[in-house]
Amino acid sequence: MELKRKIIHFDMDYFYAQVEERDNPALKNLPVGIGGGKRGVLCTSNYVARKYGVKSAMPTFMALNKCPDLVLVRPNFQKYKDASAKIFEVFHEFTDKVEGLSLDEAYLDVTECSKHNNSATLIAKEIKQKIFERTGLTGSAGVSYNKLLAKISSDLNKPNGLFTLGPHGHDEVIKSFPVTKIWGVGAKTAKKMKSLGIVSFGDLQTFSKLELEEHFGSFGPSLYLYSRGIDFREVKTERERKSLSVENTFFEDIDDYQRLEGYLEKVVEEMTARLERHKDRAFKTIYVKLKHSDFTQTTIEEPYESLDIEKFKNLFRRRFNERRAPLRLIGAGVKFHSDARFSKQLILPCCG
Ligand code: DCP
Ligand code: MG
Ligand code: MG
């Protein structure tokens, strides 16, 4: 039986673009893309631009083809970091069980939160309000009894949305969700599912656990549960976190070294921004992850010395040169020391 949890998934709306709109209201109602520059790729776009098919990770030239009037704004990470810090401060006013997924997104376990008579929906509403008061930005919340359904719910009323999926009477709604909402079902798995006639959670439900295992290997049992809206994963607090990484899947496979380095800079920049909330942890290693166009993946790791971008570039160069083949994803991360003795707070100045 599933434990009775109350989970909120919170995600800011068109985050980088909304911050830029807030600081330059002239951009409102214009199609805006955040990006340009030497990397030549968009971080995100506002909702006006999305109507033209302009979206995150899209090469800038393609975005301009789709929307010639697109206003390009260079990203300003400091601003996104500042907004993110305020957002997470609000989360922590409601619970310690906060699991950050990116600068603009987190899971909160509010099972024990006593505010609003423990109504998770009202808690989510107050979180939205507080974030708006302190940052001038809107976000969307999904409320449910596990991570999977909370995350799907937060997308249902975006932007500025709030959607609650309670534990009873939602079997038909769950059946209607597309399989691509399941974490781990990417383009490749979705295609395979489609060839088996599986498009929705309901379609998945018609397969036995054994059949799903036959088709999808070790992912099968999870698919069996997820398609029924069952998810036992816990909200991992920041202290339990063993590593932190940022990955970027490209719009198209890339083999150009310069462009790949550009993407590496981008993920390391975001990773560094996210690490600001983990200053009390000691880093053990840094690593770079590469996924090839054939979906084989590899990571290269070395003991932590610093977060200098050159260290990441060096790791990337070494591994990429072993097999110069097109990539579909690049990632950068750090692993933390789990042993409390390594906690930075306990490192005393050296004597003598
Ligand atoms: N981001 C990025 N590169 C990507 C995806 C995202 O740099 N490939 C950055 C820019 C986004 C931010 O991360 O503003 C948050 O990502 P989301 O996926 O939450 O997208 P948005 O917040 O922009 O839009 P949405 O309203 O769909 O959440
Ligand atoms: Mg977002
Ligand atoms: Mg997000």
Side-chain angles (χ1 to χ4, degrees), residues 1-13 83-135 137-158 160-171 173-174 177 181-183 222 225-226 228-244 274-281 336 338-340 343 345:
M1 220 203 59
E2 198 160 10
L3 297 168
K4 289 258 181 302
R5 294 200 187 108
K6 294 188 180 187
I7 310 294
I8 297 172
H9 177 259
F10 202 95
D11 187 90
M12 299 300 288
D13 306 321
S84 179
K86 288 185 181 147
I87 293 159
F88 276 79
E89 230 174 75
V90 173
F91 295 155
H92 280 282
E93 288 169 18
F94 292 82
T95 175
D96 290 333
K97 287 191 184 166
V98 177
E99 180 178 342
L101 301 173
S102 71
L103 282 177
D104 86 325
E105 181 174 351
Y107 287 114
L108 285 74
D109 184 330
V110 294
T111 313
E112 310 270 305
C113 177
S114 57
K115 293 190 182 175
H116 300 287
N117 270 328
N118 192 232
S119 157
T121 303
L122 293 179
I123 291 169
K125 206 170 163 198
E126 196 189 337
I127 290 174
K128 269 167 65 86
Q129 273 164 2
K130 281 198 160 165
I131 287 178
F132 187 73
E133 281 161 20
R134 293 187 205 172
T135 66
L137 302 168
T138 65
S140 298
V143 182
S144 198
Y145 50 93
N146 64 38
K147 284 170 131 181
L148 172 82
L149 295 176
K151 185 160 168 103
I152 293 173
S153 298
S154 74
D155 243 1
L156 292 178
N157 264 334
K158 232 177 196 317
N160 201 6
L162 171 60
F163 193 93
T164 302
L165 199 70
H168 305 293
H170 299 292
D171 293 353
V173 183
I174 290 172
F177 293 146
K181 295 281 182 188
I182 296 174
W183 190 87
S222 297
L225 295 175
Y226 290 165
R228 286 163 177 77
I230 302 168
D231 177 11
F232 297 113
R233 290 173 304 157
E234 283 185 41
V235 173
K236 284 233 161 61
T237 63
E238 314 288 22
R239 289 236 50 94
E240 293 168 87
R241 184 186 278 283
K242 293 189 176 73
S243 64
L244 187 150
R274 286 184 59 196
L275 282 170
E276 294 212 346
R277 278 192 289 109
H278 302 268
K279 281 195 176 123
D280 59 325
R281 302 287 297 272
F336 298 115
S338 52
D339 192 328
S343 170
Q345 288 162 333

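Donor-acceptor pairing under 3.5 Å is lacking for the side chains of Ser153 and Ser144. Side-chain contact of Asp109 with Thr111: a donor-acceptor pair under 3.5 Å is present, judged by distance alone.
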CA sep, side-chain torsions, deciding dist, call: Leu148, Arg233, side chain to side chain contact (heavy atoms under 4.5 Å, CB included): CA-CA 9 Å; Leu148 172 82; Arg233 290 173 304 157; 4.2 Å; yes
Glu276 vs Phe88, side chain to side chain contact (heavy atoms under 4.5 Å, CB included): CA-CA, chis, key distance, verdict: CA-CA 12 Å; Glu276 294 212 346; Phe88 276 79; over 6 Å; no
Glu234 and Arg5: CA distance, side-chain angles, deciding distance, side chain to side chain contact (heavy atoms under 4.5 Å, CB included) verdict: CA-CA 9 Å; Glu234 283 185 41; Arg5 294 200 187 108; 3.2 Å; yes
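Atom NZ of Lys6 sits about 14.5 Å away from atom CG of Asn146, to the nearest 0.5 Å. The structure places CG of Asp231 at 5.0 Å from OH of Tyr226, a figure rounded to the nearest 0.5 Å. Summarising the geometry, atom OG belonging to Ser222 is positioned 11.5 Å from atom CD1 belonging to Ile230; distances are rounded to the nearest 0.5 Å. Rounding to the nearest 0.5 Å gives a distance of 10.0 Å between NE2 of His278 and CZ of Arg239. In this structure, CG on Asp104 lies 7.0 Å from CD1 on Ile87, to the nearest 0.5 angstrom. Residue Ile174 holds its CD1 atom at 14.0 Å from NZ of Lys181, rounded to the nearest 0.5 Å.
The minimum heavy-atom distance between Tyr145 and Gly166, with the atom names listed, is CE2-O, 3.4 Å. Here the closest heavy-atom approach between residue Leu149 and residue Phe177 is recorded as CD2-CE1, 4.1 Å. What you find for Val143 and Leu162 is that their closest heavy atoms are CG2-CD1, 3.9 Å. Taking all atoms of both residues into account, the shortest heavy-atom contact from Phe10 to Ala141 is CD1-CB, 3.7 Å. Across every non-hydrogen atom of Ile131 and Thr135, the tightest pair is O-OG1, 2.7 Å. Of all heavy-atom pairs spanning Phe94 and Cys113, the tightest one is O-SG, 3.4 Å.
A 4.5 Å side-chain heavy-atom check between Leu101 and Tyr107 finds at least one atom pair inside the cut-off. In this structure the side chain of Ile152 never reaches within 4.5 angstrom of the side chain of Phe163, judged on heavy atoms. You'll find the side chain of Ile123 stays beyond 4.5 Å of the side chain of Thr95, heavy atoms only. Leu275 has its side chain within reach of Phe336: a pair of non-hydrogen atoms, C-beta onward, lies under 4.5 Å apart. By the 4.5 Å heavy-atom criterion applied to side chains, Phe91 and Ile8 are not counted as neighbours. By the 4.5 Å heavy-atom criterion applied to side chains, Val235 and Ile7 are counted as neighbours.
Checking side-chain atoms of Asn118 against main-chain N and O of Val110 turns up a donor-acceptor pair under 3.5 Å. Here the side chain of Arg274 pairs a donor or acceptor atom with the backbone of Gly100 at under 3.5 angstrom. Proximity of a side-chain donor or acceptor of Arg281 to a complementary backbone N or O of Arg241 within less than 3.5 Å is detected. Put simply, the side chain of Ser140 gets close to the backbone of Gly161: a donor and an acceptor are under 3.5 Å apart. Not one N or O on the side chain of Asn117 forms a donor-acceptor pair closer than 3.5 Å with the backbone of Ser119.
A salt bridge (Lys or Arg N to Asp or Glu O under 4.0 Å) check over residues 137-152, counting only residues at least two apart or in different chains, returns the pairs Glu99-Lys147, Glu105-Lys151. Applying the salt bridge (Lys or Arg N to Asp or Glu O under 4.0 Å) test to pairs two or more places apart or on separate chains, those with a residue in residues 119-128 are Glu126-Lys130.
The number of heavy atoms from other shown groups lying within 6.0 Å of CD (Glu240) is above 12.
Every residue meeting the side-chain hydrogen bond (donor to acceptor under 3.5 Å, both in side chains) condition with Asp11, not counting sequence neighbours, appears here in chain and number order: Lys158.
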